[in-house]
Amino acid sequence: MKIYDHKKIEKKWQKEWDKKKIYSVKNTKGKKFFGLIEFPYPSGDGLHVGHIRSNTAMDIITRKRRMQGYNTLYPIGWDAFGLPTENYAIKTGKQPEAITKKNTDTFRRQLKELGFGFDWDREINTTDPAYYKWTQWIFLQFYKKGLAYKARIAINWCPKDKIGLANEEVIAGCCERCGTPVEKRDKEQWMLAITKYADRLDKDLDTVDYLEKIKIQQRNWIGKSEGSEIDFKIKNSDEKITTFTTRADTLFGAFALTLAPEHPMILKIKSQILNLSEIEKYINDTKKKTDIERTSEDKDKTGVELKGVKAINPVNGEEIPIYIADFVLAQYGTGAIFADMHDERDFAFAKKYNLPMKQVLNNPQGIESECFTGDGILTNSGKFDGMTSEYARKEITDFVGGRIVTKYKLRDWVFSRQRYWGEPIPMIHCEKCGVVPVPEKDLPVVLPKVKKYEPTDNGESPLAEITKWVNVKCPKCKGKAKRETDTMPNWAGSSWYYLRYTDPKNKKEFASKKNLKYFTPVDWYNGGMEHTTLHLLYSRFWHKFLYDLKLVPTKEPYQKRTSHGLILADGGEKMSKSKGNVINPDAIVKTFGADTLRVYEMFMGPFDQHVSWSTDSMVGPRRFLERVWKIYNKIVAQNMLKNKKNLSRVGAPVERVKREDFIYSSAYLTLQATLHKTIKKVTEDIETTSFNTAVSAMMICLNEMEKAESVDEKDFKMFLQILAPFAPHITEQLWSELGEKKSIHLSLWPKFDPKKVIDNEITIAVSVNGKVRAEIKISNEMNEEEVKAMAMKDHAVVNWIEGKEIKKVIYVKGRLVNIVF
RNA sequence: GCCGGAGUGGCGGAAUUGGUAGACGCGCACGACUCAAAAUCGUGUAUCGAAAGAUGUGGGAGUUCGAUUCUCCCCUCCGGCACCA
């Protein structure tokens with residue numbers, strides 16, 4: 001009798017799969033499936049159990065597809081540019097390349113030890129010049145189309161990391177990475193005009209199959225809102241101020257015009273302002289504040305009136321005061337609003353400064369509240385009185401010559417980083433010609449070797465000090481010029497990596513048209529929720545841009561997107577090095593085996609929800625696999641009996657069974673029904689990422705097989721096949737032990753037999769007035785009347801209904817009978 | 001504040017076109033095997049109760065023959081956004 005020893009079999013099959021390249025995609029023929037996980041950042045800590053959760057899930061999906069006959073691509077690579085490596089280089093004096101090499105070697109070893117079916121022939125690395133050549137090339141295309149531009153803007157500056165951050169990287173006013181409050185700094189930055197794609201990024205979400213919460217989060221981030229632009233003239237001046245509002249219906253109630261402190265109009269009408277010094281002080285104070293300070297003052301509204309200047313309400317000619325206030329944002333809308341009492345902020349502002357307010361909406365429900373912000377019926381609004389808000393918005397906008405417009409919260413993407421370990425932005429600054437792109441033939445612009453990686457506090461990249469690299473000839477005039485020393489953010493390489501997988505070694509294009517047409521879009525992409533408004537949005541943007549250039553064949557990169565929940569430490573806290581609660585997968589693989597770890601991670605809870613790690617619970621999945629092995633032993637024993645071989649060699653306790661009798665027994669039919677139900681459930685559950693219930697179903701099936709007197713070898717093989725995506729090593733071993741020559745992972749996915757799924761005898765409940773009082777066994781063939789009659793006759797039921805007048809009897813097929821009196 | 005998600009035994013969790021709540025697993029208890037232990041196997045395991053039975057899916061109301069599932073109100077936790085006009 002052989003014993004399950006994961007150490008013996010896991011290494012063996014990993015080598016075998018590698019040698020035979022069973023997971024490599026060799027052609028572009030037939031139906032395809034492209035499954036994708038977010039390629040890992042190779043940190044020095046090695047693989048995290050969270051990686052394993054996501055990777056195993058997609059490994060199961062792709063293995064199933066492969067067995068269903070799809071030409072299946074499941075690639076892997078390294079998103080290797082980024083701060084942790086650079087910081088480690090600064091600390092240790094080692095080169096980022098060397099660190100990356102070491103880390104990717106560790107990750108590769110770990111991933112292989114877990115038995116993932118990656119196509120290792122397509123491994124990519126964003127820090128490889130042969131790869132980032134194309135990242136730079138795509139940037140040049142953005143530049144050519146005017147979507148990459150330089151702007152002097154106030155950026156989010158992290159004083160600890162000494163790096164500029166994109167808006168998406170600032171969490172509650174603090175650096176996403178280190179938690180330091182960010183400062184504002186004016187700097188020349190490369191920008192990508194993602195806002196030009198805002199509308200399509202929003203609208204095209206309708207065409208893809210993403211989890212609803214992902215769509216909602218992206219939509220909220222893009223922040224589409226429809227409203228009106230309305231111009232206010234300034235009294236005694238030719239100037240006008242454009243406001244943006246979604247509530248044009250409240251225009252009659254405007255009591256002030258409120259501008260962002262950064263609003264350019266303030267400079268233009270400077271001469272008319274009587275309290276200029278007060279205004280300038282307020283503007284300066286605002287500038288000094290960080291975002292946290294500006295928003296954390298309990299939302300207390302502050303502002304200053306521009307004395308000596310009045311605006312004219314276009315709807316009724318009323319003169320109203322003009323204020324500047326820091327709660328009005330320069331970046332959104334037009335940086336100017338009109339204030340009215342049907343908005344909580346304006347209401348609070350008016351209360352604070354004792355401004356007179358006028359009610360112009362009645363609550364249709366008739367409930368009086370101090371500040372009514374809903375849609376209502378217009379009042380005090382001249383000829384618009386009595387209109388509904390919705391209708392009046394359009395009418396009033398038309399009446400004052402306003403424009404219906406759409407605005408977005410999304411802002412352009414700050415694309416410069418003042419750090420070393422990133423793709424150099426392929427631009428040259430010439431004294432004569434200005435900004436000149438590096439000619440495509442000169443790509444890649446390779447990162448030069450440097451001695452010191454420290455960023456500087458003046459906001460320049462360490463690259464700026466490498467004069468030999470910085471000083472170049474202008475590609476246009478051959479005169480003196482300097483290279484751009486900013487690098488790209490780490491979101492650059494990951495914005496298009498899935499495309500490279502289709503043709504990873506191509507030297508002429510980022511990928512051939514033919515391969516792109518065959519493999520894209522990605523059919524199923526799984527990743528973390530934390531990337532919803534970062535990577536996922538950025539890569540959709542890049543993809544749409546490439547689509548517009550006719551370089552990719554689809555409008556969207558990913559057809560389907562799911563996300564996994566985090567794996568938390570035992571107490572429900574996040575795993576972190578500082579807390580010392582990180583689980584090392586290497587140790588788990590050693591003691592329990594990769595198959596157990598995989599099954600455990602799939603079984604521990606619903607895939608899309610957070611779960612807490614518990615090493616103690618791993619014995620369940622381990623026992624499960626050991627018992628699978630025991631069924632194999634049972635079959636070996638059965639076969640020996642059948643072949644009348646020497647019984648003493650069979651270790652398992654086996655009773656003599658006449659197989660022919662068993663085949664037609666009801667026990668056999670029950671086992672068949674369980675097996676086919678399990679095949680059905682596992683097949684379906686994988687599609688809905690309900691891996692936990694799939695494992696549970698297989699456990700139930702195994703329990704049945706254990707109880708059975710005999711297990712049919714063919715049936716057991718089917719069981720191994722549906723288990724194979726979850727536990728690839730043990731199933732491969734047993735598959736081959738049972739005489740199969742070809743890998744189980746290249747075998748055909750079993751189909752359930754609909755006829756066998758139906759039970760011929762079932763137990764249903766009988767309830768009286770909704771309370772369950774008995775159980776009865778019924779057969780398939782019984783009709784409703786027969787079942788009801790049987791239920792009424794049950795002695796436990798009779799006790800309850802005796803002498804009562806039965807009002808009705810309800811029968812739910814295959815479920816229950818309810819008797820009501 | 002707004003937008004999502006969740007609340008079920010000692011623990012992880014299962015079950016929703018409304019139909020036997022607690023599947024499966026962990027843990028625990030008892031038993032078998034063993035000189036013994038571990039492992040393994042078997043039985044049991046929501047709560048109260050000797051039992052009959054009653055109660056029970058965050059709390060409160062409602063619809064229904066029947067509600068974890070649907071409706072209304074409220075509470076707690078997690079995630080995202082946060083003065084977006």
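Note that the coordinates shown come from a computational prediction; the quantities given were computed from them, not determined experimentally. Sequence lines set the chain letters: A, B, ... in the order given, protein chains first and strands last, and positions in each chain run from 1.
Taking 4.0 angstrom as the limit, A/R623 places a side-chain polar atom (N or O) nearer than this to OP1 or OP2 of B/C26. For B/U55, one of the phosphate oxygens OP1 or OP2 lies less than 4.0 angstrom from a side-chain nitrogen or oxygen of A/K771.
Proximity note for A/N692 (side chain, C-beta onward) versus B/G12, B/G19, B/A14: the nearest is B/A14. Between B/A14, B/G25, B/G53, one nucleotide has an atom nearer to the side chain of A/W800 than all others, and that is B/G53. For A/W221, counting side-chain heavy atoms from C-beta on, the closest listed nucleotide (B/C83, B/C81, B/G25) is B/C81. Distances were taken from every side-chain heavy atom of A/I216 (C-beta onward) to each of B/C3, B/C26, B/A85; the shortest belongs to B/C3. Looking at the side chain of A/N818, the nearest of the listed nucleotides B/C3, B/G12, B/C65 is B/C65. With B/A85, B/U20, B/C41 as the candidates, the nucleotide lying closest to the side chain of A/K630 is B/C41. Checking B/A15, B/C24, B/A85 against every side-chain atom of A/T246, the shortest atom distance belongs to B/A85. Which of B/A54, B/C65, B/U20 sits closest to the side chain of A/V820 comes down to B/C65. Residue A/E626 has its side chain nearest to B/U40 when only B/U20, B/U40, B/G13 are considered. Checking B/C41, B/G4, B/A85 against the side-chain heavy atoms of A/E706 singles out B/C41 as nearest.
Across all strands shown, B/G79 forms a Watson-Crick or G-U wobble pair with B/C3, both key distances being under 3.5 Å. Of the nucleotides present, none pairs with B/U57 by Watson-Crick or G-U wobble criteria with both distances under 3.5 Å. Under the Watson-Crick or G-U wobble criterion, with both distances below 3.5 Å, B/C28 is paired with B/G44. In this structure B/U16 sits in no base pair that meets the Watson-Crick or G-U test at under 3.5 Å.
When rounded to the nearest whole Å, the span between NE2 of A/H610 and C1' of B/G80 equals 11 Å. Atom-to-atom, CE of A/M604 to P of B/G25 comes out at 17 Å; the value is rounded to the nearest Å. Atom CD of A/E262 and atom P of B/C83 are 13 Å apart (whole Å). Atom CG of A/N799 is separated from atom C1' of B/G53 by 13 Å (rounded to the nearest Å). Whole-Å rounding puts the A/Y600 OH to B/G13 P distance at 10 Å. Taking atom CG on A/D685 and atom P on B/A23, their separation rounds to 18 Å, with Å as the unit.
Atom NE2 in A/H263 sits 7.5 Å away from atom OG1 in A/T242 (nearest 0.5 Å).
For an aromatic pair to be called close, the ring centres must be under 6.0 Å apart, and A/F327 with A/F349 satisfies this. In this structure, A/F624 has its ring center no closer than 6.0 Å to that of A/W629.
Contact check on A/R219 versus A/D202 returns a salt bridge, with a Lys/Arg side-chain nitrogen under 4.0 Å from an Asp/Glu carboxylate oxygen. Residues A/D340 and A/R247 are not paired through a salt bridge, judged by the lack of any N-O separation under 4.0 Å between the basic side chain and the carboxylate. Under the 4.0 Å criterion applied to side-chain N and carboxylate O atoms, A/K215 and A/D209 are not assigned as salt-bridge partners.
Atom name C1', nucleotides B/G7 and B/A52: the rounded distance is 34 Å, in whole Å.
Contacts of A/I700 with the nucleic acid, taken as non-hydrogen atoms under 4.0 Å apart, involve only primed sugar atoms and P, OP1 or OP2. Nucleic acid contact class of A/S614 (heavy atoms, under 4.0 Å, all strands): none. Nucleic acid contact for A/R622: none, since no nucleic acid atom lies under 4.0 Å from a heavy atom of the residue. Residue A/E775 is classed as a base contact, given a heavy-atom separation below 4.0 Å to a base. In this structure, A/K813 reaches neither bases nor backbone, as no heavy-atom distance under 4.0 Å exists between it and the strands shown. Residue A/V812 is classed as a base contact, given a heavy-atom separation below 4.0 Å to a base. Within the 4.0 angstrom heavy-atom criterion, only backbone atoms of the sugar-phosphate kind lie near A/R773; the bases stay farther away.
Residue A/K409 places no side-chain atom within donor-acceptor reach of the base of B/C81, judged by atom type and a 3.5 Å distance cut-off alone.
Judged by distance alone, the side chain of A/R773 and the main-chain N or O of A/A796 form no donor-acceptor pair under 3.5 Å.
Against the 90° criterion about 0, the sugar-base torsion of B/G62 places it in the anti range.
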